[in-house]
**Student:** 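Before anything else, here's the structure in question.
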There are 2 protein chains.
Amino acid sequence: MNVDASGGTVGKALDVLDRVAEFNRPVRFAELLAASPYPKGTLYRLMQTLTREGMLVFDPDRQSYSLGVRLVRLAHAAWRTSSLAPIARPHLDALAAETGETVHLAQLDQAQVLYVDKRNTAEPVEMYSSAGKVGPAYCTGVGKAMLAHLPEETLSQIMPLQLFHKFTEHTLTDEAALRAQLAEIRAHGYGFDREEHEPTIICVACPILSERGRVLGALSVTSTTARTNLAALEQLVPRIQQTTTAIAAEVQDWRFPDTVAQ
Amino acid sequence: MNVDASGGTVGKALDVLDRVAEFNRPVRFAELLAASPYPKGTLYRLMQTLTREGMLVFDPDRQSYSLGVRLVRLAHAAWRTSSLAPIARPHLDALAAETGETVHLAQLDQAQVLYVDKRNTAEPVEMYSSAGKVGPAYCTGVGKAMLAHLPEETLSQIMPLQLFHKFTEHTLTDEAALRAQLAEIRAHGYGFDREEHEPTIICVACPILSERGRVLGALSVTSTTARTNLAALEQLVPRIQQTTTAIAAEVQDWRFPDTVAQ
DNA sequence: TACTAGGTTTCATTATTTGAAACCACGTTT
DNA sequence: AAACGTGGTTTCAAATAATGAAACCTAGTA
């Protein structure tokens, strides 16, 4: 999944972190060794370093490694400064309240969609259960909305990384089909998820664009075919765009509170 | 704050990440250069690498760097597998509901306390606002509860890293005083925060220990002198210990769902 | 035009990383 | 008890990547 191969030591170290993350549970050295392209000694020292640095934690009881809490601390900062979530929060609240539907805020992480916040009127906000989750870009509303507004150069870089797994019978399964839809989305300024990722789940999504047209993220309102339909969701577009515009506007200033550092 | 100095390249790279994080806002190359011990060229390439790897994001509009979203993704995994939060969640809910007070779940990150979850009956759970925050160990209930149960070797390593800043008139300001209290806490199995960090804020905290006595984290119930007092909080100790024991017990198995990897 | 500040690249030197293999510790088998 | 095997740790010369001083851009200013 990760197209590293970049020679650098830090690249490898981060790659190891990713691999540990993929296990989703504490992992033994030998397991990781089997899953890594690195020779024993190299991997060993890499993990030593990462452990010493607090990015990994070694559990002596279980003889296994997990991601370290230092990551949580870093991510806290990342989330605050580099994600749209803190700004978007009140807007999401309002939108979710008004529509009564689930609202997703996402950004691009490499070739995938990373959900940075979520409002679900039914259940209360679950920490990290939404923030931090990743999903495919080619078959989600937010994903396509972002892809559609990417410069061709970037798009052609991440297009080959799309897996085009056929989740449902509506999933777009090749680049041509996707590109056709992206053009459409670009023209309209919004796009749909037509049960492409999960059956009965539909959504309408709008990109969040900077003044200069750079893709900052995307916002979607999700529902089910049991409750509503695409036409009804389309009615919400003006309201959603009102939100995305507001968020984009705030982002413009936001970036420099310029309070004295420290 | 960071006692790196470890020659490795990854150490330096992570150090750079920390420094970026400390700014709490997008930061220009020159700013970071001024704050770093590394020469121009070195820092430059370090940041190039980190940016290429998605750990930093460069905003071309603002000519500045922020922490990348890849961190959020990694932290999501870290939080799930390496923190007590997912397990403790229901227990925290129950404890908070019963006591009607704020409940904190913390773990040690290097020499600091890292809050991994929190329940505040008043306000709803705020994403990341609690998870990811760090605080001093020597003057918080959870901090001292954890320090008290650390093996001497580890303790003597992190003791010199305590800042002993006198937040309030009750703050312990030297190692001797702290060690005396740690002994007491170890004897009782619980400890207090006697307005040591913030005036009027008091809490009672219990460590979460593994079967073998390893420190996994700590749990505290916090209140104010306006509402209650230490004696009343002490009454809650059995209830809190019931919770910590339950969490510790669950942790024992938890670590290996042993579902087929991938 | 000259000057400056911020950022990028070069290149010979340095020192870290590499990885094959040896080694160690332990629990298992014969 | 000796031999074996697996999982983990260390060694050491060779290969490679990181270093940092300085040169070099680029764009905005005097």
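Just the heavy atoms: all of them, side chains too, but no hydrogens, waters or symmetry mates, feed the values below. Each chain gets a letter, A, B and so on, in the order the sequences are listed, and its residues count up from 1.
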**Student:** Figure out the CE/C1' separation between A:Met47 and D:dG8, and round it to whole Å.
**Tutor:** 12 Å

**Student:** So, is A:Thr9 near the phosphate of D:dA17, with a side-chain N or O under 4.0 Å from OP1 or OP2?
**Tutor:** no

**Student:** Find the distance A:Leu46:CG to D:dT9:P and express it as a whole number of Å.
**Tutor:** 14 Å

**Student:** B:Tyr190: which residues meet the side chain to side chain donor-acceptor pair (under 3.5 Å) condition with it, sequence neighbours left out?
**Tutor:** B:Glu234

**Student:** Mark up nucleotides 4-10 of chain C, 5' to 3', with B wherever a protein heavy atom is under 4.0 angstrom from a base atom, S wherever such an atom reaches only the sugar-phosphate, and - elsewhere.
**Tutor:** --SBBB-

**Student:** Which whole-number value in Å describes the distance from A:Asp15 CG to C:dT17 P?
**Tutor:** 17 Å

**Student:** Keeping the roles fixed (side chain from A:Arg19, backbone from A:Ala35), state whether a donor-acceptor pair exists under 3.5 Å.
**Tutor:** yes

**Student:** Which residues satisfy the side chain to side chain donor-acceptor pair (under 3.5 Å) test with A:Ser220, sequence neighbours excluded?
**Tutor:** none

**Student:** What residues, two or more places apart in sequence or in another chain, satisfy ring-ring contact (aromatic ring centres under 6.0 Å, His included) together with B:Tyr138?
**Tutor:** B:Phe164

**Student:** Please collect all side chain to side chain donor-acceptor pair (under 3.5 Å) contacts where either partner lies in residues 142-161 of chain A, sequence neighbours excluded, each pair once.
**Tutor:** A:Lys144-A:Gln181, A:Lys144-A:Glu196, A:Glu152-A:Arg179

**Student:** Quick one: list whatever passes side chain to side chain donor-acceptor pair (under 3.5 Å) with A:Thr243, sequence neighbours left out.
**Tutor:** A:Arg239

**Student:** When you check the phosphate oxygens OP1 and OP2 of D:dG20, does a side-chain N or O of B:Thr42 lie under 4.0 Å from one of them?
**Tutor:** yes

**Student:** Rounded to the nearest angstrom, tell me the gap between atom CG in B:Leu33 and atom C1' in D:dA21.
**Tutor:** 14 Å

